Chemist: 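This is the structure I want to talk about, given as structure tokens.
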Protein chains: 2
Amino acid sequence: MVPLICEGWAASVYILSDGSRQILSILLPGDLASTALLFGAQAGCSVEAITDVRYRTFAQADLKARLLNDADCFARFLRACIDETARADQLITDLGRRTAAERIARLILNLQSRLMQRGMAQPETMEMEFPLRHHHIADATGLSLVHVSKVLSEFRRSGIVKIGDRSLTILEPEALQRIALM
Amino acid sequence: MVPLICEGWAASVYILSDGSRQILSILLPGDLASTALLFGAQAGCSVEAITDVRYRTFAQADLKARLLNDADCFARFLRACIDETARADQLITDLGRRTAAERIARLILNLQSRLMQRGMAQPETMEMEFPLRHHHIADATGLSLVHVSKVLSEFRRSGIVKIGDRSLTILEPEALQRIALM
DNA sequence: CGGAAACTTGATCGAATTCAAATAAGGTGG
DNA sequence: CCACCTTATTTGAATTCGATCAAGTTTCCG
């Protein structure tokens, strides 16, 4: 069964034997949980809701059959795979080679651009829904809870972002991008 | 053009603007460079040889057409995608949540198991071809050159592995697995 | 033999973790 | 609406893992 997110935010999470967690991907409305992935379910990997979520599931067999018959569907699936792999590769690079501030800045910008694509963020005000808890950010960036808090405080103190009431506003897009070093 | 490795080792590498490098995947004979990936070439990502390499390339269009017509070929492609994504997810978790020794142990065990699958490693002696330089290991694990040397020296000193002459022997598989914490 | 890579080793530094409280924000039953 | 409890977040201090710096030493090859 492959879930497709219809509404709300979720995350696919890998949980280590010592209990620590790594978020592999934050799932927004329209995302398939782990594109091709859940064709061959991964040990230790699961999908968790961040907000309340509405979703539908597809049976693997149906999906497979449709892909072979429907060329258009196949093309869209391929695109989704490519996008997901590209994001996975970016994440690998972030975790392997970038500092805490860079990782967090990139996470925010990433989410912002994905929300924008879906018409779920205000292009003018740079405001977006932001239901992530610090522990989600920590698990997504491979950092500790405490350090996430420190970096975000610093961002806030220097007037780069404003956070409140499950929403986030990018006050200084330039500055944030400079930190994220594209 | 999507390259398929026929002989030798290669790596797909992402190079940051500051010159630091992250290996996304080490490619062994039989691997497609970035399975579906190179359908939509990634900025900043390239494939580099580690040893001398022999390879063939496929045109995207051909590959796409074949996938739609040939169900068996499609199934094998899907499997390759799944395997690659699974490995990418493991790498994300390694970089996000594991220590230097764990990462290096896992890299070695990973390579060993992939070589074994291809009949390219001795199951009895636990010996395998190992052409990686320390800088390759560093770039694959998100560590510094110097630290890789220190960790490997420690592994050698405690008799867990033996390294020499472009080959590596796992002397204490149990110990290595214990460090890698599956 | 000489020069360049590759590797090792020790010393020092720094980013991020862990530890430990304190404070703030939510949610619940009374 | 308030007291109470739980879950988030903040802040500071101490610690640690791994990076960086700086020489050495080895290995490889022409």
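Because the structure is predicted, anything quoted here is derived from the model rather than measured. Sequence lines set the chain letters: A, B, ... in the order given, protein chains first and strands last, and positions in each chain run from 1.
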Chemist: Would one find a side-chain N or O of A:S153 under 4.0 angstrom from OP1 or OP2 of D:dT9?
Modeler: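 No, A:S153 has no side-chain N/O under 4.0 Å of OP1/OP2 on D:dT9.
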Chemist: Please walk me through it: do A:T57 and A:L4 pass side chain to side chain contact (heavy atoms under 4.5 Å, CB included)?
Modeler: CA-CA 6 Å; A:T57 59; A:L4 167 69; over 6 Å; no
Chemist: Please determine whether side-chain hydrogen bond (donor to acceptor under 3.5 Å, both in side chains) holds for the pair A:D165 and A:S167, giving the CA-CA distance in whole Å, both sets of side-chain angles, and the decisive distance to 0.1 Å.
Modeler: CA-CA 5 Å; A:D165 198 31; A:S167 87; over 6 Å; no
Chemist: From CG of A:L132 over to P of D:dT9, roughly how many Å is that when rounded to an integer?
Modeler: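 The distance from CG of A:L132 to P of D:dT9 comes to 10 Å, rounded to the nearest Å.
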Chemist: Please tabulate the protein-to-nucleotide N/O contacts below 3.5 Å involving nucleotides 14-18 of chain D, giving atom names and distances.
Modeler:
{"from": "D:dG18", "atom 1": "OP1", "to": "B:A100", "atom 2": "N", "distance (Å)": "2.6"}

Chemist: Indicate for each nucleotide in nucleotides 22-30 of chain D, in 5' to 3' sequence, whether protein heavy atoms under 4.0 Å reach the base (B), only the sugar-phosphate (S), or nothing (-).
Modeler: ---------
Chemist: Mind checking what makes side chain to side chain contact (heavy atoms under 4.5 Å, CB included) contact with A:T51, not counting sequence neighbours?
Modeler: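 Residues passing side chain to side chain contact (heavy atoms under 4.5 Å, CB included) with A:T51: A:W9, A:V53, A:P131.
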Chemist: What is the distance, to the nearest angstrom, from the CZ atom on A:F130 to the P atom on D:dA8?
Modeler: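 Taking CZ of A:F130 and P of D:dA8, I get 15 Å after rounding.
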Chemist: Could you check how far NE2 of A:H136 sits from P of D:dT7, rounded to whole Å?
Modeler: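 To the nearest whole Å, that distance equals 14 Å.
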Chemist: For A:L145 and D:dA8, what is the distance between atoms CG and C1' respectively, to the nearest whole Å?
Modeler: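 Going from CG in A:L145 over to C1' in D:dA8 covers 8 Å.
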Chemist: Going by an N to O cut-off under 4.0 Å, is there a salt bridge joining A:D94 and A:R106?
Modeler: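 Salt bridge between A:D94 and A:R106, a charged N being under 4.0 Å from a carboxylate O: yes.
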Chemist: Name all residues meeting the salt bridge (charged side-chain N to carboxylate O under 4.0 Å, His left out) criterion together with B:E48; count only those two or more places apart in sequence or in a different chain, and write none if there are none.
Modeler: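 With neighbours one apart ignored, the set is B:R21.
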Chemist: Between A:D83 and A:R79, does at least one N-O distance fall below 4.0 Å, as a salt bridge requires?
Modeler: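 Counted as a salt bridge, because a side-chain N and a carboxylate O are separated by less than 4.0 Å.
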Chemist: Let me test you: for the helix from C:dC1-D:dG30 to C:dG30-D:dC1, what is the angle between the axes at its two ends (five pairs each), rounded to 10 degrees?
Modeler: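 One end axis against the other gives 40°.
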Chemist: Whole-Å distance between C:dA5 C1' and B:H135 NE2?
Modeler: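 Roughly 10 Å, once rounded to whole Å.
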Chemist: Within this structure, what is the CD1-to-P distance between B:I137 and C:dT8, rounded to whole angstrom?
Modeler: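 These atoms are roughly 10 Å apart.
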Chemist: Under 4.0 Å between a side-chain nitrogen and a carboxylate oxygen: does that hold for B:D72 and B:R76?
Modeler: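 Yes, charged N to carboxylate O under 4.0 Å.
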Chemist: For B:E7, what residues pass the salt bridge (charged side-chain N to carboxylate O under 4.0 Å, His left out) criterion, not counting sequence neighbours?
Modeler: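 Salt bridge (charged side-chain N to carboxylate O under 4.0 Å, His left out) list for B:E7, sorted by chain: B:R54.
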Chemist: Determine the minimum heavy-atom distance between A:I5 and A:L28, stating which atoms define it.
Modeler: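 Heavy-atom minimum between the residues: CB-O, 3.7 Å.
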Chemist: A:R157 CZ to D:dT11 P: how many Å, rounded?
Modeler: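 Taking atom P of D:dT11 as the reference, CZ of A:R157 is at 6 Å.
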Chemist: Please report the distance, rounded to the nearest Å, between NE2 in B:H134 and C1' in C:dT8.
Modeler: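 Atom NE2 in B:H134 sits about 9 Å away from atom C1' in C:dT8.
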